[in-house]
Q: 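After the structure tokens below, expect a handful of questions from me.
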Amino acid sequence: MQARQGPGRRRLVAALATLACGSALLTACGGGDSGKPTLNWYINPDGQDTLTMLAEQCSTDEYDIAIQLLPASATDQRTQLARRLAAGDTSTDLMSLDPVFVAEFANAGWLEPFTGDRAEAVLDDDVLAGAADTVVWEDEVVAAPQWANTQVLWYRKSLAEAAGLDIGPDSPVTWSQVIDAAASQDGATVGVQANRYEAYVVWINSLIAGAGGAIIEDTEAGRDAEVTIDSEAGQAAAAVIQQLADSGATQPDFTTSNEGTSLGRMFPDDGGPGEFMNNWTFVYKNYESTVGAVGGPADEQELEDLGWARYPQTVEGEESRPPIGGIDIGVGAYSENLDYAQDAAVCVTSPEAQSALAVTDGLMPSRNSVYDSPELQEAYPADLLDLYRQSIETGAPRPKSAFYSQISSAVQSVWHSPTSVSPDSTPQESADFLRQVLSGEALL
């Protein structure tokens, strides 16, 4: 496992990189007309307007914060940032990071750890457990939780009633029950994310965790981590995917489905029964904002037919482990303005900032107390807020490994297409290939 560079080494590389900062990077490297340093904050496309507002509000008399937009794909975001940081780029001050990349970046020495009062400010007992787990690496706070994401089961109440499925925030159901319920109603479907990309691994990981297992364990051992996907839990996860694939309740784009493809099938134009859909927290605001619009609920009555429940159980009677996602704010270790950048990170992850992202963009807080704020209580149904909070607190992060990108790609390569998944073979084949990838015996 690659050792972290010490502060002296990081700053030396930063100083050398500054000498190489040519005219093409003049705006990013310079301090602007005011003479104040400009902190570059690389963000993903979610909540751009709110993040731009936060950048303005968190700028001070000592520094300005400038937004730099990353690609939409999490994989492309990682690639762009990794290239910058591997080159010792001094203009990468703040980064919006998918939680699965935090361990990799920290292990490489690319993130400046938070210490002292700043560490206590960004990670205290108010941060929900699922989100808190994503920002700690080797006992250091290496990023600041900004917003947390999780998945719940969205559905038409009328569909569940017609199928005879007892469901709701306090009535957990299994994946098998959901699939059978959809299959029993002509035209009803189950919406998932099963394209060959990261969200498919999110589904697989939560299915396995919900059966008491894990894709990989002892992750801090790096390439020597224990591969545990070939287990009863892995077989249970594969059985769920196989059942859906064979059920007749899949959507036409099942093998290429993503977070957006099934949104329109909740309230179809043909008046069909709708769907059960596992998806992220943005869904409520999506439907609320499209009442009467093309592709959205026709009226308030249809919106009232929208229900939500805990992420389905993999194994009946065993608590489900909903996915954990969101964004953590990292500070580039080569920044020329480390203190300013960390102060800015504290500001853009404050309770007020998290409230604004939730109310405006449906990007939910990583802090427990924010769910009780008057703004959120007014913006969301109380039971939905409680469901989000519970799901984030008890959810299952993906493997926290410096080699997560290889782990994810190896899992995708064997488990896709979902129509070929079998509990009798897929977990074992996946384990064998993952071991080979980690040991360097196989290439992705």
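Note that the structure is a prediction, hence the values are computed from the model and not measured.
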Q: Side-chain contact test, heavy atoms from C-beta onward, threshold under 4.5 Å: evaluate it for Tyr311 versus Trp175 and give yes or no.
A: yes

Q: For Ser417 and Ser420, indicate whether the former's side chain and the latter's backbone hold a donor-acceptor pair under 3.5 Å.
A: no

Q: Between Val173 and Gln313, is a side-chain contact (heavy atoms from CB on, under 4.5 Å) present by the stated rule, with each step listed?
A: CA-CA 6 Å; Val173 294; Gln313 296 175 350; over 6 Å; no

Q: What is the distance from atom CD of Glu393 to atom CG of Asp386, rounded to the nearest 0.5 Å?
A: 12.5 Å

Q: Do Thr79 and Pro71 touch side chain to side chain, with heavy atoms closer than 4.5 Å?
A: no

Q: Answer with yes or no whether the side chains of Asp126 and Ser369 bring together a donor and an acceptor at under 3.5 Å.
A: yes

Q: Can you find a pair of side-chain heavy atoms, one from Phe105 and one from Arg78, that are under 4.5 Å apart?
A: yes

Q: Under a 4.0 Å N-O cut-off, is there an ion pair linking Lys400 with Asp133?
A: yes

Q: Assess, by modelled atom type and distance only, whether the side chains of Trp280 and Thr150 contain a donor and an acceptor separated by less than 3.5 Å.
A: no

Q: Quick check: closest heavy atoms across Ile67 and Leu51, and the distance to 0.1 Å?
A: CD1-O, 3.9 Å

Q: I'd like a table of donor-acceptor pairs (distance under 3.5 Å, sequence neighbours excluded) in which one partner is a side-chain atom from residues 197-204, with atom names and distances.
A:
from, atom 1, to, atom 2, distance (Å)
Tyr197, OH, Glu259, N, 3.4
Tyr197, OH, Glu259, OE1, 2.6
Glu198, OE1, Ser408, OG, 2.6
Glu198, OE2, Arg398, NH1, 2.8
Glu198, OE2, Tyr404, OH, 2.5
Tyr200, OH, Trp415, O, 2.7

Q: To check you understand the geometry: which heavy-atom pair defines the closest contact between Leu244 and Phe254, and what is its length?
A: CD2-CE1, 3.8 Å

Q: Between Pro397 and Gly130, which heavy-atom pair has the shortest distance, and what is it?
A: CG-O, 4.2 Å

Q: According to the interplanar angle, ranging from 0 to 90°, do the rings of Tyr380 and Tyr284 count as parallel (below 30°), tilted (30 to 60°) or perpendicular (above 60°)?
A: tilted

Q: Are the side chain of Trp154 and the backbone N or O of Asn279 linked by a donor-acceptor pair below 3.5 Å?
A: yes

Q: Do Thr134 and Asp328 meet the criterion of a side-chain donor-acceptor pair at a distance under 3.5 Å?
A: yes

Q: To the nearest 0.5 Å, what is the distance between OG on Ser262 and CE on Met277?
A: 5.0 Å

Q: Counting only N and O atoms by type, is there a donor-acceptor contact under 3.5 Å from the side chain of Asp93 to the main-chain atoms of Asn40?
A: yes

Q: Side chains of Ser176 and Gln243: closer than 4.5 Å at any heavy-atom pair?
A: yes

Q: Give, for atom CD1 of Ile179 and atom OG1 of Thr189, the distance between the pair rounded to the nearest 0.5 Å.
A: 12.0 Å

Q: Taking the side chain as everything from C-beta on, heavy atoms only, tell me whether Leu70 gets closer than 4.5 Å to Ile43.
A: no

Q: Would you check, one step at a time, whether the test salt bridge (charged side-chain N to carboxylate O under 4.0 Å, His left out) holds for Asp253 with Arg265?
A: CA-CA 12 Å; Asp253 59 355; Arg265 296 189 174 96; 3.7 Å; yes

Q: Mark yes or no for whether Arg389, through its side chain, and Asn368, through its backbone, hold a donor-acceptor pair below 3.5 Å.
A: yes

Q: For Gln436, look at atom CD and say whether over 12 heavy atoms of other residues, nucleotides or ligands are found less than 6.0 Å away.
A: yes

Q: Walk me through it: do Val331 and Leu111 pass the test side-chain contact (heavy atoms from CB on, under 4.5 Å)?
A: CA-CA 6 Å; Val331 170; Leu111 299 179; over 6 Å; no

Q: Atom CG of Asn286 and atom OG1 of Thr281: how far apart are they, to the nearest 0.5 Å?
A: 11.5 Å

Q: I need the minimum non-hydrogen distance between Ala341 and Ser335, along with the two atoms involved.
A: CB-OG, 4.4 Å

Q: Under a 3.5 Å distance rule, please check whether Gln193 uses its side chain to pair with a backbone N or O of Asn278 as donor and acceptor.
A: yes

Q: Passes side-chain contact (heavy atoms from CB on, under 4.5 Å), Thr255 versus Thr250? Steps please.
A: CA-CA 9 Å; Thr255 61; Thr250 57; over 6 Å; no

Q: Test salt bridge (charged side-chain N to carboxylate O under 4.0 Å, His left out) on Arg367 and Asp124; report intermediate values, then the result.
A: CA-CA 9 Å; Arg367 288 186 167 276; Asp124 56 24; 2.9 Å; yes

Q: Any side-chain heavy atom of Arg310 within less than 4.5 Å of one from Pro322?
A: yes

Q: Would the distance check show the side chain of Glu138 and the main-chain N or O of Glu220 forming a donor-acceptor pair, the cut-off being under 3.5 Å?
A: no

Q: Assess, by modelled atom type and distance only, whether the side chains of Gln354 and Ser366 contain a donor and an acceptor separated by less than 3.5 Å.
A: yes

Q: For Trp137 and Ala402, which heavy atoms make the closest approach, and how far apart are they?
A: CH2-N, 4.2 Å

Q: If we ignore hydrogens and angles and just use 3.5 Å, is the side chain of Arg321 paired with the main-chain N or O of Gly395 as donor and acceptor?
A: yes

Q: Could you check whether any side-chain heavy atom of Thr426 comes within less than 4.5 Å of a side-chain heavy atom of Gln242, counting everything from C-beta outward?
A: no

Q: Is the shortest side-chain heavy-atom distance between Asp49 and Thr360 below 4.5 Å?
A: no

Q: If you count every heavy atom of other residues, nucleotides or ligands that lies below 6.0 Å from Asp139 atom CG, does the total exceed 12?
A: no

Q: Is it true that Lys157 and Asp305 make a salt bridge, defined as a side-chain N closer than 4.0 Å to a carboxylate O?
A: no

Q: Does the side-chain contact (heavy atoms from CB on, under 4.5 Å) test come out yes or no for Tyr371 and Leu128, once each step is laid out?
A: CA-CA 11 Å; Tyr371 287 83; Leu128 295 168; 3.8 Å; yes

Q: Any sub-3.5 Å donor-acceptor pair from Asp361's side-chain atoms to Leu363's backbone N or O?
A: no

Q: Under a 3.5 Å distance rule, please check whether Ser96 uses its side chain to pair with a backbone N or O of Ile329 as donor and acceptor.
A: no

Q: Any chance you could measure Gln428, atom CD, to Asp230, atom CG, to the nearest 0.5 Å?
A: 5.5 Å

Q: Nearest heavy-atom pair of Pro145 and Thr349: which atoms, and what distance?
A: O-CB, 3.5 Å

Q: Once rounded to the nearest 0.5 Å, what's the spacing between atom OH of Tyr155 and atom CD of Glu161?
A: 10.5 Å

Q: Before you tell me yes or no, could you show the steps for Arg84 and Tyr42 under side chain to side chain donor-acceptor pair (under 3.5 Å), namely the whole-Å CA-CA distance, both residues' side-chain angles and the distance that decides it to 0.1 Å?
A: CA-CA 11 Å; Arg84 286 181 171 276; Tyr42 288 86; 3.2 Å; yes

Q: Do side-chain atoms of Ser355 reach the backbone of Pro351 as a donor and acceptor pair under 3.5 angstrom?
A: no

